[in-house]
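All remarks here apply to the structure that follows.
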Amino acid sequence: MTTPLLEIDNVTYAYPNGPAALAGVSVRIAAGSKTALVGPNGAGKSTLLLMLNGMLRPASGTVRFDGRPLAYDTRSLRDLRRRVGFVFQNPDVQIIAPTVEADVAFGPVNLGLPPDAVRRAVRDALGYVGLHGYEKRPPHHLSGGEKKRVAIAGILAMEPAVLVFDEPTNTLDPASSEEVMELLDELASGGRTVLISTHDVELAYRWADSIILMERGSVLARGPPEEVFSDHGLLAAARLKPPALLDLYNELDLRGIVARGVPPKSVLEFTDRIERTLHGHVPARDETGTIYLCDADRTGGDAIRQLAEEGRVDHVGAMGTRAKEFANRERILLDYTYGVIDKCILKALIGENSLIITTGGMLDHVRHRIGEYSAESGRALAVTPVGEPGITGRCRERVAE
């Protein structure tokens, strides 16, 4: 059996003059997973997360990282917090310096890195979250979403293996919330272990691959989102409602309208399930659309504009902050800024062409997701690169077909 990266074993904790915040909690977190702690306010989610990098110490029980119990001396905690980064619910609590650059540099400086290494860490972290050019800005002049990204950059500059987010979308508007969750997806696709706490079941259902359901300092259930959120008794005990998509699926299943199976986690999966129920299979179509893929770090806007100007691309989406900045800089209008992959697959299935602009590890994530869908559905969809050296000409021939 693989040793979990993070392990909480029978942990208890109570705040002074308060009830038990954690009552014998045991949790195991696998490396590379996307885990959501879900529950109402007061469930103990934040307290549990604060245990993971030693900001709180259990009254009893043990917390382990990489198989070893945590030590709480200054040197051990400094090393732990470099490896397990924590982003607070309110970024104003975390941002302490007068400029963005100084704030992001705080962690690397305290790790004792030389000045050149600090500058590289700051540059890379700000680039990752899409805040190049913000170095000299005072944090109090930034929007809520920008402050959240500064807080994330400050943690990324220390290159942690684990990222912990307490209510990552709290107080953010819908667009900023989607951008932050997309950034968390990108971080996870790069191999990091990501944990969040949230009371938003819709967010947790579509994002996480593992759910820990909490209430009154205890763990009620743990498992895949479709299993945990299908138990209405557990959700009622946690004072939560099921995700709308899952609730609709379960009601249609009870009425015999859709065939029982693994519940869908997206509109794309739900659409396929309904088509199979209506037709006995996913109906074949004469022609599927093309999904083009552009690496914003390796191309200019000319190849994309040519596709659009020739009317060969019906929809354009961008994934990740750098990709969206690229689209804005190149004046490329975006149809999709969240849920991009599934939306482009849906359009391809009805014969329309789409372009996905992204960067870094998300390129492989796009290819994997589309390949996974093709294998599961039996409908082959190709991903065609745009603008890469030695490939552009072939793309243009494909487009012109």
Side-chain angles (χ1 to χ4, degrees), residues 182 185-186 188-191 206 262 264-276 279-320 322-324 326-327 330 332-401:
E182 194 174 72
D185 263 337
E186 187 170 359
S189 73
R206 70 176 185 266
V262 177
K265 289 185 69 175
S266 67
V267 172
L268 172 61
E269 293 177 21
F270 208 168
T271 302
D272 275 359
R273 189 70 56 81
I274 291 172
E275 286 188 327
R276 290 179 191 278
H279 304 287
H281 64 284
V282 177
R285 292 182 170 85
D286 293 337
E287 184 180 351
T288 57
T290 298
I291 299 176
Y292 296 98
L293 181 60
C294 169
D295 182 349
D297 288 339
R298 299 185 61 190
T299 187
D302 290 344
I304 297 173
R305 276 189 290 271
Q306 180 175 355
L307 291 176
E309 288 167 2
E310 293 176 353
R312 305 302 184 179
V313 169
D314 304 297
H315 311 280
V316 180
M319 298 172 59
R322 295 207 308 275
K324 290 170 186 173
F326 167 84
E330 297 290 341
I332 297 166
L333 296 178
L334 297 176
D335 302 293
Y336 309 135
T337 56
Y338 64 91
V340 173
I341 302 175
D342 282 7
K343 288 176 180 177
C344 290
I345 291 175
L346 283 166
K347 294 304 180 184
L349 294 176
I350 60 173
E352 297 180 4
N353 299 335
S354 299
L355 169 69
I356 298 175
I357 306 170
T358 191
T359 59
M362 294 301 279
L363 292 156
D364 287 337
H365 177 63
V366 171
R367 295 186 183 99
H368 176 76
R369 174 73 183 100
I370 294 173
E372 184 180 61
Y373 173 80
S374 295
E376 291 175 354
S377 68
R379 294 197 272 188
L381 296 175
V383 178
T384 302
V386 172
E388 295 183 16
I391 297 179
T392 305
R394 189 165 66 218
C395 287
R396 288 176 182 170
E397 290 173 9
R398 175 76 175 267
V399 170
E401 289 175 356

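Here the structure is a predicted model, which means the values were calculated and not measured. Hydrogens, waters and symmetry mates play no part in the numbers below; they use all other heavy atoms, side chains included.
Although no hydrogens or angles enter the test, the distance criterion places no donor-acceptor pair under 3.5 Å between the side chain of Glu182 and the main chain of Met319. Using a distance-only test at 3.5 Å, with no hydrogens or angles considered, a donor-acceptor pair links the side chain of Ser374 to the main chain of Arg379.
Residues that satisfy the side chain to side chain donor-acceptor pair (under 3.5 Å) test with Arg322, not counting sequence neighbours, are Asp297, Thr359. Every residue two or more places apart in sequence or in another chain that forms a side-chain contact (heavy atoms from CB on, under 4.5 Å) with Ala318 is listed here: Ala323, Lys324, Leu334, Ile357. Evaluation of the side chain to side chain donor-acceptor pair (under 3.5 Å) rule for Glu186 yields no partner, not counting sequence neighbours. Evaluation of the side-chain contact (heavy atoms from CB on, under 4.5 Å) rule for Glu352 yields Asp314, His315, Lys347, Ile350 as partners, not counting sequence neighbours. Considering only residues two or more places apart in sequence or on other chains, Lys265 meets the side-chain contact (heavy atoms from CB on, under 4.5 Å) condition with Tyr205, Pro225, Glu226, Glu269. Scanning for side chain to side chain donor-acceptor pair (under 3.5 Å) contacts around Asp364 gives Arg367, with sequence neighbours left out.
Distance SG/Cys294 to CG/Leu363: 8.5 Å, rounded to 0.5 Å. The CZ atom of Arg369 sits 10.0 Å away from atom CD1 of Ile291, with the distance rounded to the nearest 0.5 Å. If you take OG1 on Thr290 and CG on Leu381, they are separated by 9.5 Å, rounding to the nearest 0.5 Å. Taking NE2 of His365 as the reference point, atom CE of Met362 lies at 4.5 Å (rounded to 0.5 Å).
In this structure the side chain of Val366 reaches within 4.5 angstrom of the side chain of Thr358, judged on heavy atoms. A 4.5 Å side-chain heavy-atom check between Val386 and Leu355 finds at least one atom pair inside the cut-off. By the 4.5 Å heavy-atom criterion applied to side chains, Ser354 and Val313 are not counted as neighbours. Under the 4.5 Å side-chain criterion, counting only non-hydrogen atoms from C-beta, Tyr336 is not in contact with Val316. Ile341 places a side-chain heavy atom less than 4.5 Å from the side chain of Ile370. No side-chain heavy atom of Leu293 sits less than 4.5 Å from a side-chain heavy atom of Thr384. The closest side-chain heavy-atom distance from Leu268 to Leu349 is below 4.5 Å.
Nearest approach of Ile356 to Cys344, heavy atoms of both residues: CG1-SG, 3.7 Å. Considering every non-hydrogen atom in both Thr299 and Phe326, the closest pair reads O-CE1, 3.3 Å.
Using a cut-off of 4.0 Å between Lys/Arg side-chain N and Asp/Glu carboxylate O, Asp335 and Lys343 are scored as not salt-bridged.
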